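Working notes for the structure below.
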Amino acid sequence: MGKQNVGITVSKEEDFSEWYTQVVLKAKLADYAPVKGLIVLRPDGYSIWESLRTTFDKKFARNGIRNGFLPILIPESLLGKEQKHFAGFNPEVFWVTHSGTNEIGDRLALRPTSETLAYTLYSKWIQSWRDLPLKMNFWNTALRAEIKATKPFLRTSEFLWQEGHTVHSTKEEAEKEVIKILDIYKNTVEEELAIPVSTGKKSEKEKFVGAIYTTTMESIMPDGKALQMGTSHFLGQNFSKPFEVKFADKDNVEHFAWQTSWGVSWRLIGAMIMIHGDDKGLVLPPKVAPMQVVIVPIYKNDEGKNSVLSKVEEIQNKLESKDIRVHVDDREGMSPGYKFNDWELKGVPLRIEIGPKDIENQNIVVAKRYNLEKISLGFTEIEKIPIILDEIQTQMLKKAKEQTETITLNISDYSEFKSKIEKGGFFNSPWCGKVECEDKIKEETGAEIRVIPFGSENINQKCIYCNEQSVSTPIFARGY
RNA sequence: GGGAUCGUGGUCUAGCUUGGUAUGAUACUAGCCUGGGGGGCUAGUGGUCGCAGGUUCAAAUCCUGCUGAUCCCA
């Protein structure tokens, strides 16, 4: 077997973009579809998404949110009801104009997002304060035409996501919901994917079109570019008015409702690949890994094979009884070395090697993927495996946090800002709050306000661009 | 939005300038030997050169259109 095309052929350090694409394809998470900008998820990729979905569903349910399903086609007349929202999405909407050979009068959009459709229904379902709050979530795909620069998971014309839409009788309750969701997002991403995030608000310029304000979580990738990991919007009454989502309150006066919408997409998978992967390929956090442990049996002859395989089976059963996802690689005709590399490419968190030597010594060899460390465990120490997996999960988050810290800089001088932006990173820099400065910074450096972190309000500094009094210290970065 | 490069068995690739139905590696299948970090030998399978059209006796090669991918800049 040759190694030239099987593994990753470039280093993460030297050619990040190419490295990323190779990891996605070679670890068999996804492949390109025959249509531009679309990808296909393979079992290992989809399994990670399913794992995230399961976690989110549990947390949503605990918060009183239930799942529903919405169709993919939205008539133009509905999509156009909230003008700013429509104008924002229009350039990237796919349109269905024909059914068979007949032209469709009110052409149909492939949903870029479902606010307009959901709220048309909500206005039917809500009449009284007793119908509120209404909290629903939808697992589906959204379609937004990406003409250029597509990249698996990060920028595709169709993407898997969840979109939540809630309706409340008061502004306060809706705003609390916005934050509650952002919290769920943050702790899920940090606990499951081991990716640190910064949360806060988007600037006026960067907020969701149609929202009063947008809260967001952002992460910095190893190449110094920021990635939006999820957003939770306070819609106010911007949609409830045009869509007539209203209710009779206890005093029998009719009010427009207060709404939120929020979503995360499979971009999270892209972030996980970028943050944790290395030159050998994917590195999966144990919690979302489709296989947490792979066992590679090693033997020379039938006699050795039998004793090794019976031990392997015993260990497999022991681990499965502790709800560990185990796979035994009993493929014949492949050398152990080939298998080691293969599973490292696919990012399995722990590999167990068992051969004649180990049977003799009453131990197993355990290799950790995230740091490539190998340790020996006695046969009686198998129950330590779940603990080791937990440690790996913790260590991966720690490592990612350290990485984030090293590329997060406090910069209050604009010339320093400009000279360092080429290398990328999160820049904490004071800002006066004016969109003119934001625009100029974007124009001159390519960096934008990714997030204005909660608690970053401050009036004691000078705007990095115009030197006037600051209102906050946002995180600036170039983005994906 | 602007620019550049590219598309040949599953994968990577030679051939293209100077037209004559395709090179090598790897993968895959079978057998034997091997087996603790991408093994060896032997014998096989697999493509009609991204798609459509044009020029020609003849097109992977020349021309046109389309499509897809990658990278750089805004």
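Note that the structure is a prediction, hence the values are computed from the model and not measured. Excluded from the calculations below are hydrogen atoms, water molecules and symmetry mates; all remaining heavy atoms, backbone and side chain alike, are included. Proteins come first, then strands; the chains are lettered A, B, ... in the order of their sequence lines, and each starts at number 1.
Of all nucleotides present, only B:rU67 satisfies the Watson-Crick or G-U wobble test against B:rG7, with each distance under 3.5 Å. Partner assigned to B:rA60 is none, using Watson-Crick or G-U wobble distances below 3.5 angstrom. Remark: B:rG1 base-pairs with B:rC73; criterion is Watson-Crick or G-U wobble with both hydrogen-bond distances under 3.5 Å. Under the Watson-Crick or G-U wobble criterion, with both distances below 3.5 Å, B:rA30 is paired with B:rU42. B:rU48 makes up no base pair with any nucleotide shown, lacking Watson-Crick or G-U wobble contacts both under 3.5 Å. Under the Watson-Crick or G-U wobble criterion, with both distances below 3.5 Å, B:rG37 is left unpaired in every strand shown. Shown here, B:rU18 forms no base pair; nothing in the strands shown gives a Watson-Crick or G-U wobble contact with both key distances under 3.5 Å.
Residues satisfying the side chain to side chain contact (heavy atoms under 4.5 Å, CB included) test with A:Asn371, not counting sequence neighbours, are A:Lys368, A:Glu373. By the side chain to side chain contact (heavy atoms under 4.5 Å, CB included) test, A:Glu405 is found to be paired with no residue, residues two or more places apart in sequence or in another chain being considered. The side chain to side chain contact (heavy atoms under 4.5 Å, CB included) test applied to A:Ser11 returns A:Glu13, A:Glu14, A:Asp279, not counting sequence neighbours. For A:Trp95, there are no ring-ring contact (aromatic ring centres under 6.0 Å, His included) partners, not counting sequence neighbours. The side chain to side chain contact (heavy atoms under 4.5 Å, CB included) test applied to A:Gln395 returns A:Tyr370, A:Lys398, not counting sequence neighbours. For A:Glu314, the side chain to side chain donor-acceptor pair (under 3.5 Å) partners are A:Lys311, not counting sequence neighbours.
A:Asn341 has its CG atom 5 Å from the C1' atom of B:rG38, to the nearest Å. Rounded to whole angstrom, the span from the CE atom of A:Met334 across to the C1' atom of B:rG36 amounts to 17 Å. For A:Gln22 and B:rC12, the CD to P distance is 10 Å, given to the nearest whole Å. Going from atom OH of A:Tyr299 over to atom P of B:rG36 covers 13 Å, rounded to whole Å. Following rounding to the nearest Å, A:Glu344 (CD) and B:rG38 (P) show an atom-to-atom distance of 12 Å. Whole-Å rounding puts the A:Lys339 NZ to B:rU34 P distance at 17 Å. Atom CG of A:Asn361 is separated from atom P of B:rG36 by 17 Å (rounded to the nearest Å). When rounded to the nearest whole Å, the span between CG of A:Asp329 and P of B:rG35 equals 18 Å.
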Show me, pair by pair, the donor-acceptor contacts under 3.5 angstrom made by side chains of residues 35-50 of chain A, not counting sequence neighbours?
| residue | atom | partner | partner atom | Å |
| --- | --- | --- | --- | --- |
| A:Lys36 | NZ | A:Ile147 | O | 3.4 |
| A:Asp44 | OD2 | A:Lys346 | NZ | 3.0 |

Identify every side-chain donor-acceptor pair in residues 83-93 of chain A under 3.5 Å, counting partners at least two apart or on other chains, and give the distances.
| residue | atom | partner | partner atom | Å |
| --- | --- | --- | --- | --- |
| A:Gln83 | NE2 | A:Gly80 | O | 2.8 |
| A:His85 | ND1 | A:Val209 | O | 3.2 |

Which donor-acceptor pairs under 3.5 Å do side chains of residues 354-363 of chain A form with protein atoms, sequence neighbours excluded?
| residue | atom | partner | partner atom | Å |
| --- | --- | --- | --- | --- |
| A:Asp358 | OD2 | A:Gly355 | N | 2.7 |
| A:Asn361 | ND2 | A:Lys357 | O | 3.1 |
| A:Gln362 | NE2 | A:Ile359 | O | 3.4 |

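Taking atom C1' on both B:rA60 and B:rC72, the two are 30 Å apart, rounded to the nearest angstrom. Using atom C1' as the reference point in both B:rA22 and B:rU13, the two lie 12 Å apart (nearest Å). Comparing B:rG15 with B:rU23, their P atoms are spaced 14 Å from each other, to the whole Å. Here, B:rU55 and B:rU64 have their P atoms 15 Å apart, quoted to the whole Å. Taking the C1' atom of each, B:rU45 and B:rC28 are spaced 8 Å apart, rounded to whole Å. The gap from the C1' atom of B:rC41 to that of B:rA69 amounts to 39 Å, rounded to the nearest Å. Across B:rU48 and B:rU8, the matching C1' atoms stand 9 Å from one another, rounded to whole Å. Rounded to whole Å, the separation between the C1' atoms of B:rC62 and B:rA74 comes to 37 Å.
Ion pairing between A:Arg351 and A:Glu353 holds under the 4.0 Å rule for side-chain N and carboxylate O. Remark: A:Glu438 does not engage A:Lys205 in a salt bridge, criterion side-chain N to carboxylate O under 4.0 Å.
The minimum heavy-atom distance linking A:Asp106 with A:Ile104 is given by the pair O-CG2, 3.3 Å. Considering all non-hydrogen atoms of both residues, A:Val197 and A:Ser219 come closest at CG1-OG, 3.2 Å.
Under 3.5 Å, the side chains of A:Glu192 and A:Ser51 contain no donor-acceptor pair of N or O atoms.
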Item to complete: Between protein and nucleotides 69-74 of chain B, map the contacts as a letter string: B base, S sugar-phosphate only, - none, heavy atoms under 4.0 Å, written 5' to 3'.
Response: SSS---
Identify each atom pair where a protein N or O and an N or O of nucleotides 44-53 of chain B are less than 3.5 Å apart, giving names and distance.
none

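Near RNA chain B, meaning a heavy atom under 4.0 Å away, the residues from residues 363-375 of chain A are A:Val365, A:Lys374.
Between A:Ser335 and B:rG39, a side-chain N or O to OP1/OP2 separation shorter than 4.0 Å is present.
The A:Tyr338 side chain lies nearest to B:rG39 when the options are B:rG37, B:rG35, B:rG39.
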